[in-house]
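Here the structure is laid out as structure tokens; the discussion comes afterwards.
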Amino acid sequence: MGILESIIIAIVEGLTEFLPVSSTGHMIIAQNVLGVESTDFVKAFTIIIQFGAILSVVVLYWQRFFKLNHTPAPEGAGSLKKFLHKYDFYWKLFVAFIPAAVIGLLFEKKIDALLESVTVVAVMLIVGGIFMIFCDKIFNKGSEDTVLTEKRALKIGLIQCIAMIPGVSRSMSTIVGGMSQKLSRKKAAEFSFFLAVPTMFAATCYKLLKLILDGGTTVLVDNMAVLIVGNVVAFIVALLAIKFFINYVTKYGFKAFGYYRIIVGVIILIMIMSGQSLTL
């Protein structure tokens, strides 16, 4: 994979990481269309450049991301509860992150196998698209005043695990998870962005470590320019995508994304069934 291919895939990542259309699915499609071989490095690349995209969340929301809870702790709270109260934001992110960490480690090989299937991506794009068309009506009872409790955070984290199937979309699963817990569309989307930081940071570190332990140090060094360019491009594009998405989804909801997913999924399935190759 050269610099040009890495830029194109990184643009796709930056555009789709925080939209409910499946960034992994779109990167798999882009990889196939570009004719990029699915090597261990390429699989790692599609995970590692997501780190560049999630940094955009930290930059855009830095005031909230690094803000501690200085409100008084509940009366009679012990030392642990006072500590968790102060670091409430990070604690709830950790609670929501746990399910993905556990399931990701347990089913790593099966997840990696699914990453090679464009058919799985296409089917899940369609299924998820149908769901998104109706999710506003199903969950449109959220409020900006809803408090994100530990229990709600854990449930959102469990729902996020569905996104390990390529084509589902981590963003879609966590936003819908938030809305199912009575969060408003905006609040659910923002928590989805925040949750992406520990989730994708852990995935990036794990893939890097695994690649190094499997003897891929030389591959990493040889492709360092590709990784750096990919992360920078993904970061810049994601900054723009987040601003657009928050404004759009607050006003109009998710129906347009649902139709988009269905159209893309159907086109891919038609191409596959007609014997056409997605590789140039």
Side-chain angles (χ1 to χ4, degrees), residues 11-30 50 53-54 56-57 60-61 96 118-146 148 152 155-196 199-200 234 237-272:
I11 290 173
V12 172
E13 158 60 19
L15 284 173
T16 59
E17 176 61 43
F18 300 105
L19 303 185
V21 295
S22 176
S23 62
T24 302
H26 277 71
M27 282 193 287
I28 291 171
I29 294 168
Q50 294 180 46
I54 63 172
S56 63
V57 175
L60 284 174
Y61 290 95
V118 179
T119 302
V120 170
V121 172
V123 171
M124 296 315 299
L125 280 172
I126 295 171
V127 172
I130 294 171
F131 180 77
M132 294 221 77
I133 291 174
F134 300 102
C135 75
D136 281 318
K137 292 183 179 179
I138 297 172
F139 300 116
N140 196 21
K141 297 177 182 178
S143 169
E144 288 290 331
D145 298 325
T146 301
L148 181 65
R152 284 179 170 143
K155 288 180 178 179
I156 294 171
L158 288 168
I159 295 172
Q160 177 182 229
C161 295
I162 302 172
M164 291 180 185
I165 304 172
V168 171
S169 168
R170 191 206 62 81
S171 177
M172 183 192 82
S173 62
T174 50
I175 291 173
V176 170
M179 291 172 66
S180 73
Q181 298 305 303
K182 309 301 182 184
L183 299 183
S184 67
R185 286 194 298 231
K186 182 179 179 181
K187 201 167 182 178
E190 288 179 341
F191 186 71
S192 172
F193 298 161
F194 299 147
L195 183 54
T199 303
M200 299 318 304
V237 176
L239 280 174
L240 302 174
I242 289 175
K243 290 182 178 180
F244 158 77
F245 179 63
I246 282 292
N247 291 331
Y248 184 89
V249 78
T250 301
K251 292 180 181 178
Y252 306 109
F254 301 101
K255 189 174 290 186
F257 297 106
Y259 288 124
Y260 169 80
R261 289 174 63 106
I262 293 170
I263 291 169
V264 173
V266 168
I267 290 173
I268 294 170
L269 284 182
I270 290 173
M271 290 180 69
I272 293 172

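Atoms CD1 and CD1, from I242 and I54 in turn, are 10.5 Å apart once rounded to the nearest 0.5 Å. Atom CD of Q160 and atom CG of L158 lie 10.0 Å apart (nearest 0.5 Å). Interatomic distance, CG of L125 versus CD1 of I268, reported as 6.0 Å (0.5 Å rounding). In this structure, I246 CD1 and F193 CZ are separated by 4.0 Å, a value rounded to the nearest 0.5 Å. Summarising the geometry, atom OG belonging to S171 is positioned 4.5 Å from atom CZ belonging to F245; distances are rounded to the nearest 0.5 Å.
When all heavy atoms of K243 and N247 are compared, the closest pair comes out as O-ND2, 3.1 Å. Closest approach of I156 and T174 over heavy atoms only: CG2-O, 3.8 Å. The heavy-atom pair separating G167 from R261 by the smallest distance is O-NH2, 2.6 Å. Here the closest non-hydrogen pair linking I159 and S180 is CD1-OG, 3.8 Å. Here the closest non-hydrogen pair linking R152 and T146 is NH1-CG2, 3.3 Å. V12 and T16 get closest at one heavy-atom pair: O-OG1, 2.6 Å.
Partner S56 forms a side-chain contact (heavy atoms from CB on, under 4.5 Å) with one of L239, L240, V237 and no other, that one being L239. Shown are I175, I133, V176; of these, the side-chain contact (heavy atoms from CB on, under 4.5 Å) with F254 is made only by I175.
Applying the 6.0 Å contact sphere to OH of Y248 captures more than 12 heavy atoms from other residues, nucleotides or ligands.
Residues K187 and F191 form no side-chain contact, since every pair of their non-hydrogen atoms from C-beta on lies 4.5 Å or further apart.
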Inset, instruction - Check the pair V127 / I130 against side-chain contact (heavy atoms from CB on, under 4.5 Å), numbers first and verdict last. - result: CA-CA 5 Å; V127 172; I130 294 171; 5.9 Å; no
Legend entry - Step-by-step side-chain contact (heavy atoms from CB on, under 4.5 Å) determination, S192 to R170: CA-CA 8 Å; S192 172; R170 191 206 62 81; 3.6 Å; yes
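Under the side-chain hydrogen bond (donor to acceptor under 3.5 Å, both in side chains) criterion, Y260 pairs with H26, sequence neighbours left out.
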